[in-house]
*Asks:* 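One structure, pasted below without further comment.
What's counted below: heavy atoms across the whole structure, side chains too, no hydrogens, waters or symmetry copies. Counting starts at 1 for both ligands and their atoms, following the listed order.
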Amino acid sequence: MKKVVVLTGAGISAESGISTFRDSDGLWEQYRVEDVATHEAWERNPKLVLDFYNARRKDVIKAQPNEAHKQLVRLEEKYDVRIITQNIDNLHERAGSTNVIHLHGDVTKCCSDRNLNKPYPIEGDTLSYGITAPDGGMMRPFIVFFNEPVPMMEPAMELCSQADYFIIVGTSLVVYPAAGLINFVPKSVPCYLVDPKEVRVSRNITVYTEKAGTGVKKVVDELMSL
Ligand code: APR
């Protein structure tokens with residue numbers, strides 16, 4: 001089976017009602033990254049960080065996968081589909097995608113602040129302050145904060161280097177290291193990009209300047225017809 005590698009960002013979940021980060025109504029217009037999404041923020045004011053991610057988790061639990069998530073599941077009928085998502089929601093999995101790498105974590109889970117690589121489930125929608133992990137650390141959201149290492153980059157780079165087709169959906173491609181993944185895709189591999197706004201990519205790529213719900217269907221229809 002040929003391998004389709006898909007890199008997704010906040011835009012694929014926008015039509016499910018989840019805010020993106022850098023659009024005019026995006027989350028980083030309402031919050032400062034330094035206050036809620038860095039390791040320093042967690043050390044300084046963990047309650048504020050917990051509140052921020054508790055609100056994100058509530059949004060995710062309420063949301064449903066949209067047409068774009070579902071179309072990527074359909075692609076599995078013909079291809080070995082590997083999704084690399086920057087999103088902290090679980091809408092790809094809930095749609096039915098079987099291979100999903102979360103580069104930036106999963107807000108529905110938590111981990112000890114002494115071991116960021118071992119996720120635990122969260123019961124309900126709230127992670128309360130002061131819960132102790134089995135290793136004695138404090139439970140925090142299972143999120144890769146800004147300026148923390150991204151442990152899933154290695155397997156993601158490996159997947160990109162093995163792609164037969166590469167699709168990018170709904171990401172501004174400004175956050176590294178994720179934005180650099182396209183450089184690991186061999187130059188001969190056909191690439192597609194779906195985004196209603198212009199996104200700068202330094203290679204030949206077929207662009208669908210539209211929302212994920214309609215654009216991903218077009219890419220999937222094309223790959224299914226090959
Ligand atoms: N369909 C497809 N794309 C859309 C839609 C839509 N309906 N609506 C918006 N977009 C596009 C925007 O045009 C933009 O290019 O989604 C992209 C969202 O970009 P960002 O808000 O920057 O989100 P993302 O690229 O996922 O951010 C990367 O930054 O803050 C961090 O950790 C956070 O994982 C996140 C990372």
Side-chain angles (χ1 to χ4, degrees), residues 6-42 49 52-53 55-57 59-60 63-72 83-93 95 100-109 111 116 140-153 156 166-183 191-202 205-220:
V6 190
L7 174 65
T8 65
I12 197 166
S13 297
E15 287 157 271
S16 295
I18 297 180
S19 297
T20 63
F21 294 96
R22 295 176 185 79
D23 287 306
S24 55
D25 54 352
L27 284 170
W28 299 148
E29 292 294 318
Q30 302 162 50
Y31 300 88
R32 279 162 28 104
V33 171
E34 311 82 61
D35 291 340
V36 295
T38 63
H39 187 73
E40 292 69 32
W42 173 250
V49 175
F52 175 75
Y53 286 105
R56 307 283 72 74
R57 190 175 310 107
D59 288 347
V60 166
Q64 296 299 325
N66 65 49
E67 188 59 25
H69 300 104
K70 292 176 191 165
Q71 288 294 326
L72 293 176
I83 295 175
I84 303 169
T85 188
Q86 299 167 84
N87 298 344
I88 58 172
D89 67 53
N90 55 5
L91 295 180
H92 284 301
E93 290 91 337
V100 185
I101 287 185
H102 281 269
L103 286 177
H104 296 160
D106 177 343
V107 76
T108 66
K109 297 180 179 159
C111 63
L116 308 184
R140 62 170 247 183
F142 182 56
I143 298 290
V144 177
F145 293 142
F146 277 87
N147 59 32
E148 285 185 332
V150 183
M152 295 313 284
M153 266 307 279
F166 189 66
I167 310 174
I168 301 174
V169 188
T171 171
S172 56
L173 287 182
V174 297
V175 174
Y176 283 82
L181 279 172
I182 190 165
N183 300 323
C191 292
Y192 303 85
L193 185 144
V194 181
D195 200 296
K197 285 198 199 138
E198 192 188 337
V199 179
R200 287 173 64 100
V201 181
S202 57
I205 192 156
T206 304
V207 178
Y208 290 86
T209 308
E210 57 188 287
K211 291 184 175 179
T214 53
V216 173
K217 179 168 188 316
K218 288 179 188 168
V219 177
V220 170

*Asks:* I'd like to know whether ligand 1 has P196 as a neighbour, heavy-atom separation below 4.0 Å.
*Replies:* yes
*Asks:* Looking at atom 23 (O) of ligand 1, what's its closest protein heavy atom, distance included?
*Replies:* A10 CB, 3.6 Å
*Asks:* Got a sec: does the CD of Q30 have more than 12 other heavy atoms crowding it under 6.0 Å?
*Replies:* yes
*Asks:* Among all protein heavy atoms, pick out the one at the shortest distance from atom 9 (C) of ligand 1; state its residue, atom name and that distance to 0.1 Å.
*Replies:* D23 OD2, 3.4 Å
*Asks:* Is it the case that the side chain of E15 and the backbone of G213 share a donor-acceptor pair, with hydrogens and angles ignored and the cut-off at 3.5 Å?
*Replies:* yes
*Asks:* Enumerate the atoms of ligand 1 whose separation from the nearest heavy atom of A212 is less than 4.0 angstrom.
*Replies:* 1 (N), 2 (C), 6 (C)
*Asks:* To the nearest 0.5 angstrom, please state how far the CG atom of L181 sits from the CG atom of L103.
*Replies:* 6.0 Å
*Asks:* Would you please classify the geometry between the W28 ring and the F52 ring as parallel, tilted or perpendicular, with 30° and 60° separating the classes?
*Replies:* parallel
*Asks:* Which of the numbered atoms in ligand 1 are below 4.0 angstrom from a heavy atom of W28?
*Replies:* 30 (O)
*Asks:* For ligand 1, find out whether one of its N or O atoms is nearer than 3.5 Å to an N or O atom of T171.
*Replies:* yes
*Asks:* If we set the cut-off at 4.0 Å for heavy atoms, which region of A14 has an atom near ligand 1: side chain, backbone, both, or neither?
*Replies:* side chain
*Asks:* Mark yes or no: R57 above the aromatic ring of Y53, with NZ or CZ under 6.0 Å from the six-membered ring centre and no more than 45 degrees from the axis.
*Replies:* no
*Asks:* Going by the closest heavy atom to atom 29 (O) of ligand 1, which one wins out of Q86, E15, R22, H104?
*Replies:* R22
*Asks:* If you have a sec, work out which protein heavy atom is nearest atom 36 (C) of ligand 1 and how many Å separate them, to one decimal?
*Replies:* V175 CG2, 3.8 Å
*Asks:* Using atom types as modelled and distance alone, determine if a side-chain donor or acceptor of T206 lies under 3.5 Å from a backbone N or O of Y192.
*Replies:* no
*Asks:* Please verify the inter-ring angle class for H92 with H69; under 30° counts as parallel, over 60° as perpendicular, anything in between as tilted.
*Replies:* perpendicular
*Asks:* With a cut-off of 4.0 Å, which atoms of ligand 1 are near a heavy atom of F146?
*Replies:* 30 (O), 31 (C)
*Asks:* Regarding atom 12 (C) of ligand 1: of the candidates T8, D195, T209, which has the closest heavy atom?
*Replies:* D195
*Asks:* So, does V174 sit close enough to ligand 1 that a heavy atom of it is under 4.0 Å from the ligand?
*Replies:* no
